[in-house]
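Written out below as structure tokens is the structure these notes cover.
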Amino acid sequence: MDRRQRLFVHRIGIDHGRMISWRAIAAATLLAAAAPVLLAGEIPPDARRSGYAFMGADTRAMQDDDTSNPGMLFVLDGEALWAKKIGSADKACADCHGDAQSSMKGVAARYPAFDKALGRPVTLDQRIILCRANHQQATPLPYESRDLLALSAFIAHQSRGTPITAGDDPQAKPFVEQGRVLYMQRAGQLNLACTNCHDDNFDKRLAGAPITQAQPTGYPLYRLEWQTLGSLERRLRSCMSGVRAQAYDYGSPELVALELYLMSRAHGLPMETPAVRP
């Protein structure tokens, strides 16, 4: 790494630290001002809205037009991966599941789903990783890798417009409750819970960005801040860092439970993958 590169990396680190610090200060200020009305309570089902409802016209237009939505590039990559034979089994996803437009319709709306063999719920990303290892005898894809995001986006895209049903399985109920407890639990140096922003203060703004209800209808989604597609787990970890809490590892039981609760909380809302957010 030459001197210019070192200076660039150093500057990026400073700017990133300032950005996180600014957001933390903004969060504390917002919630301190709203302290008298911070009565943590879940949003009634008939009042729940997708993050799309909180976006500006430009962001909505980008999501609505598949030729302008950058997340569709990942969907196209996922379509190619779906048909690609890999691993020592020399199998493609399509060899088992056929045409994704029919076989995968409604699937992502059910995830995270309870896996009887494992005795716990797994996310869609984890299901892809398991299928790849068990049925294709291929190397598991790392979390947040482009290929995993592309496959997840392609599969979830087949459910666009389908109502979310995650958490309906009775065997998943204890894990939904675990996620609900985590969602309500204060954490980090700022001593904030998910509910303090997304139930008590939605429709306000934090550091210039709208606070939504945290309804995960469009993951994996393209976030303009990231300039790429990202999973719900990436977003959750970012929020944890924002309140100065230790983020759970990708694929951890806690993140899976949180994702399951959030998806069950969005019950009945239509899937939007790939969504676009600021």
Side-chain angles (χ1 to χ4, degrees), residues 39-51 97 103-131 134 143 152 155-156 158-188 192-200 202 212-221 231-240 243 245-273 275:
L39 303 173
E42 295 171 282
I43 302 167
D46 60 355
R48 293 174 186 175
R49 291 181 285 156
S50 161
H97 301 289
S103 66
M104 293 294 109
K105 187 172 180 61
V107 169
R110 303 196 299 266
Y111 273 80
F114 187 81
D115 184 290
K116 291 182 180 179
L118 297 175
R120 58 176 172 81
V122 296
T123 65
L124 181 59
D125 284 355
Q126 289 174 325
R127 175 59 65 206
I128 293 169
I129 291 170
L130 287 168
C131 282
N134 296 337
Y143 287 105
S152 182
I155 293 169
Q158 310 312 312
S159 296
R160 188 161 66 172
T162 303
I164 292 172
T165 59
D168 282 355
D169 185 346
Q171 295 179 96
K173 296 302 181 185
F175 300 94
V176 173
E177 177 59 22
Q178 179 191 1
R180 191 191 72 82
V181 170
L182 290 168
Y183 180 85
M184 297 292 177
Q185 181 177 290
R186 292 177 180 269
L192 295 174
C194 309
T195 187
N196 295 139
C197 281
H198 300 294
D199 287 335
D200 300 333
F202 70 84
T212 71
Q213 295 180 354
Q215 308 292 357
T217 53
Y219 284 91
L221 56 71
S231 69
L232 177 54
E233 290 195 18
R234 178 176 179 179
R235 187 72 191 108
L236 291 172
R237 285 167 52 85
S238 177
C239 283
M240 290 170 187
V243 299
Q246 179 64 48
Y248 297 118
D249 292 335
Y250 282 106
S252 67
E254 293 86 358
L255 281 184
V256 175
L258 261 175
E259 183 169 339
L260 176 57
Y261 170 68
L262 289 172
M263 285 292 282
S264 69
R265 180 171 166 269
H267 192 280
L269 293 178
M271 293 284 293
E272 303 172 29
T273 309

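All values below come from the heavy atoms of this structure, side chains included, with hydrogens, waters and symmetry mates left out. Quick caveat: nothing in here was measured; it's all calculated off a predicted structure.
Nearest heavy atom pair, residue D249 against residue L255, reads O-CD1, 3.2 Å. Closest approach of F175 and A257 over heavy atoms only: O-CB, 3.7 Å. Considering every non-hydrogen atom in both V176 and S264, the closest pair reads CG1-OG, 3.5 Å. Across every non-hydrogen atom of Y219 and T273, the tightest pair is O-OG1, 2.9 Å.
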Q: Show the numbers, then the answer: is there a side chain to side chain contact (heavy atoms under 4.5 Å, CB included) between V107 and H97?
A: CA-CA 12 Å; V107 169; H97 301 289; over 6 Å; no

Q.
side chain to side chain contact (heavy atoms under 4.5 Å, CB included), that's the test. Do D125 and Y250 meet it? Break it down for me.
A. CA-CA 10 Å; D125 284 355; Y250 282 106; over 6 Å; no

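Looking only at side-chain heavy atoms (C-beta outward), Q215 and L262 stay at 4.5 Å or farther from each other. At least one side-chain heavy atom of R186 sits less than 4.5 Å from a side-chain heavy atom of N196. With a 4.5 Å cut-off on side-chain heavy atoms, P45 and R48 count as touching. In this structure, L118 and Q126 have side chains that are not in contact, with every pair of non-hydrogen atoms separated by 4.5 Å or more.
Looking only at distances, no side-chain donor or acceptor of E272 sits under 3.5 Å from a matching main-chain atom of T217. The main-chain N or O of Y261 is never found under 3.5 Å from a side-chain atom of R180 such that the two would form a donor-acceptor pair. The main-chain N or O of G251 is found under 3.5 Å from a side-chain atom of E233 such that the two form a donor-acceptor pair. A donor-acceptor pair is defined here as one N or O able to donate and one able to accept, closer than 3.5 Å; no such pair exists between the side chain of E259 and the backbone of L236.
Taking CE from M263 and CG from L260, the interatomic distance works out to 9.0 Å, rounded to the nearest 0.5 Å. The NZ atom of K105 lies 10.5 Å from the CZ atom of R160; values are rounded to the nearest 0.5 Å.
When K173, R110, H267 are each tested for a side chain to side chain donor-acceptor pair (under 3.5 Å) with D168, only one passes: H267.
A salt bridge links D115 to R127: at least one charged side-chain nitrogen sits closer than 4.0 Å to a carboxylate oxygen.
Of the N and O atoms on the side chains of S231 and R234, not one donor lies less than 3.5 Å from an acceptor on the other residue. Using modelled atom types, one finds a donor on one side chain and an acceptor on the other under 3.5 Å when comparing R265 with Y183.
For T212, the side-chain contact (heavy atoms from CB on, under 4.5 Å) partners are F54, M55, H198, not counting sequence neighbours.
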